[in-house]
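In the text below, chain A, chain B and the rest are named by the order of the sequence lines, each starting its count at 1. In what follows, every heavy atom counts, from backbone to side chain, and hydrogens, waters and symmetry copies are set aside.
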Number of protein chains: 2
Amino acid sequence: MNKLNSFTKQARMLKTLAHESRLMIVDRLSHGECSVGGLRKLVGSDLSTVSKHLALLRAHGIVEDRREGTTVYYRLRTPCVCDFFTCATKVLKDRSRRE
Amino acid sequence: MNKLNSFTKQARMLKTLAHESRLMIVDRLSHGECSVGGLRKLVGSDLSTVSKHLALLRAHGIVEDRREGTTVYYRLRTPCVCDFFTCATKVLKDRSRRE
DNA sequence: TTCCTTATTGGCCAATATGCCATGTATAAG
DNA sequence: CTTATACATGGCATATTGGCCAATAAGGAA
């Protein structure tokens, strides 16, 4: 059923990660689960904005959540997305060496 | 002078790559340089559209160009961006296994 | 029940991205 | 010179994204 080619799927995933706040969230979650409020303090945006970022990450299978009372905790669902950080850092370093 | 934090820079690079046509272009260039016209056939968009994608990739240091007569050839400037494909494929596979 | 805390969703608007067409530029050929 | 080829760029319309506020939902406590 999923007839989307590889480039389309890769582009969607990259788009999902291609935002400063969402990168901060993923990086934070790579160290362990965190509540929405906790992530809000981290990124500094409105709670509703953070919640929407999380909804997007969840819709794309990057994170999953767990409710405990009124608090919702998020965690990474695909831990290897962190490889993007290694990858991105490497590219950025490589690029700065050439400038 | 570049006071941008790491997340901002990473987000910019991901945004630059987060487009189906640009991914196709980078993938094609990973096999060797190619003219704008050649890339146009590959992605199927208007030549001006492809040219703008290339301008964006160039502005972000992903590709560089070389003119030969009236033809302009593009090539990857930071070959390790291809690691993103490995990375993305890995994540996508990992995700599909969990669904 | 009502109140409070925490998070999600809807609405709205500003900012950005995308893509096409038309125009401009650079090089080569005649 | 003119013409043709191959790209690049400006402009404009549309689509998407991002973020805030307000409203809503879901739990826990009194």
Side-chain angles (χ1 to χ4, degrees), chain A residues 4-5 7-26 28-29 32-77, chain B residues 4-5 7-26 28-29 32-77:
Chain A
L4 296 173
N5 74 53
F7 293 120
T8 306
K9 286 194 275 185
Q10 288 185 18
R12 285 188 180 184
M13 187 173 50
L14 289 175
K15 253 184 256 185
T16 306
L17 293 172
H19 189 285
E20 185 177 5
S21 300
R22 294 194 289 272
L23 285 178
M24 292 175 71
I25 290 172
V26 170
R28 171 65 185 78
L29 295 183
E33 67 173 19
C34 187
S35 67
V36 182
L39 294 170
R40 179 195 168 284
K41 287 181 193 166
L42 179 70
V43 306
S45 306
D46 191 87
L47 186 67
S48 67
T49 301
V50 176
S51 184
K52 283 183 180 175
H53 283 310
L54 288 167
L56 187 67
L57 290 169
R58 179 158 28 81
H60 286 81
I62 309 289
V63 301
E64 54 192 354
D65 63 299
R66 168 179 78 82
R67 176 177 281 271
E68 195 174 302
T70 62
T71 306
V72 177
Y73 292 95
Y74 278 84
R75 62 177 175 277
L76 288 188
R77 187 180 179 189
Chain B
L4 297 174
N5 74 53
F7 293 120
T8 305
K9 286 193 275 185
Q10 288 185 17
R12 286 189 179 183
M13 187 172 49
L14 289 175
K15 253 184 258 185
T16 305
L17 294 172
H19 189 286
E20 185 177 4
S21 300
R22 293 195 290 272
L23 285 178
M24 291 176 72
I25 290 172
V26 170
R28 170 65 185 79
L29 295 183
E33 68 174 17
C34 186
S35 68
V36 181
L39 294 170
R40 180 195 167 284
K41 287 182 194 166
L42 179 71
V43 307
S45 308
D46 191 88
L47 186 68
S48 67
T49 301
V50 175
S51 186
K52 282 184 181 175
H53 282 310
L54 288 166
L56 188 66
L57 290 169
R58 179 159 29 81
H60 285 82
I62 309 290
V63 301
E64 54 192 355
D65 63 299
R66 169 179 77 83
R67 175 178 281 271
E68 194 174 304
T70 62
T71 306
V72 178
Y73 293 94
Y74 279 84
R75 61 177 174 278
L76 288 187
R77 188 180 178 187

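His19(B) places its NE2 atom 8 Å from the C1' atom of dA17(C), with the value rounded to the nearest Å. The CG-P distance, from Leu39(A) to dA7(C), rounds to 9 Å in whole Å. Protein atom CG of Leu56(A) is 8 Å distant from nucleotide atom P of dT17(D), rounded to whole Å. In this structure, CG of Asp46(A) is placed 13 Å from C1' of dT9(C), rounded to the nearest angstrom. Regarding Glu64(B), its CD atom lies at a distance of 18 Å from the C1' atom of dA8(D), rounded to whole Å. Atom P of nucleotide dT16(C) and atom NZ of Lys15(B) are separated by 9 Å, given to the nearest angstrom. Atom P of nucleotide dG19(C) and atom CD1 of Ile25(B) are separated by 10 Å, given to the nearest angstrom. Computed from coordinates, the Arg12(B) CZ to dT16(C) P distance equals 11 Å when rounded to whole Å.
Side-chain nitrogen and oxygen atoms of Thr49(A) include none within less than 4.0 Å of the OP1 or OP2 phosphate oxygen of dG18(D). Taking only side-chain nitrogens and oxygens, Ser51(A) never comes nearer than 4.0 Å to OP1 or OP2 of dA7(C). Note on His53(B): every side-chain N or O is 4.0 Å or more away from OP1 and OP2 of dC7(D). Distances shorter than 4.0 Å separate some side-chain N or O of Tyr74(B) from OP1 or OP2 on dA8(D).
In this model, no side-chain donor or acceptor of Ser45(B) finds a partner on the base of dC20(C) within 3.5 Å. You'll find a donor-acceptor pair under 3.5 Å spanning the side chain of Lys52(B) and the base of dG11(D), going by distance alone. Ser35(B) contributes no side-chain N or O that forms a donor-acceptor pair with the base of dC7(D) under 3.5 Å.
Across dT9(C), dA7(C), dA8(D), the shortest atom-to-atom separation from the side chain of Val72(A) is found for dA7(C). Counting only heavy atoms from C-beta on, Leu47(A) has its side chain closest to dA7(C) among dG19(D), dA7(C), dT27(C). Closest to the side chain of Thr70(B), from the set dA7(C), dA6(D), dC7(D), is dA6(D). If you check dG19(D), dA26(C), dC21(C) against the side chain of Arg67(B), the one that comes closest is dA26(C). Here the side chain of Val36(A) is nearest to one of dA7(C), dC20(C), dC7(D), namely dA7(C).
Across all strands shown, Thr71(B) has heavy atoms under 4.0 Å from sugar-phosphate atoms exclusively, and none from any base. Arg40(A) comes within 4.0 angstrom of no nucleic acid atom, judged by non-hydrogen atoms across all strands. Among the heavy atoms of the strands, none lies under 4.0 Å from Tyr73(B). Contacts of Ser48(B) with the nucleic acid, taken as non-hydrogen atoms under 4.0 Å apart, include base atoms.
Tested against Val36(A) for a side-chain contact (heavy atoms from CB on, under 4.5 Å), the candidates Ile25(A), Leu54(A), Thr71(A) yield a single pass: Leu54(A).
Looking only at distances, no side-chain donor or acceptor of Arg22(B) sits under 3.5 Å from a matching main-chain atom of Met24(B). When atom types are taken as modelled, the side chain of His19(B) and the backbone of Ser21(B) share a donor-acceptor pair closer than 3.5 angstrom.
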Arg58(A)/Val63(A) under side-chain contact (heavy atoms from CB on, under 4.5 Å): CA gap, chis, key distance, verdict: CA-CA 5 Å; Arg58(A) 179 158 28 81; Val63(A) 301; 4.0 Å; yes

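A distance of 8.5 Å separates CZ of Phe7(B) from CD of Glu20(A), quoted to the nearest 0.5 Å. Between Leu14(B) atom CG and Thr16(A) atom OG1 the span is 10.5 Å, to the nearest 0.5 Å.
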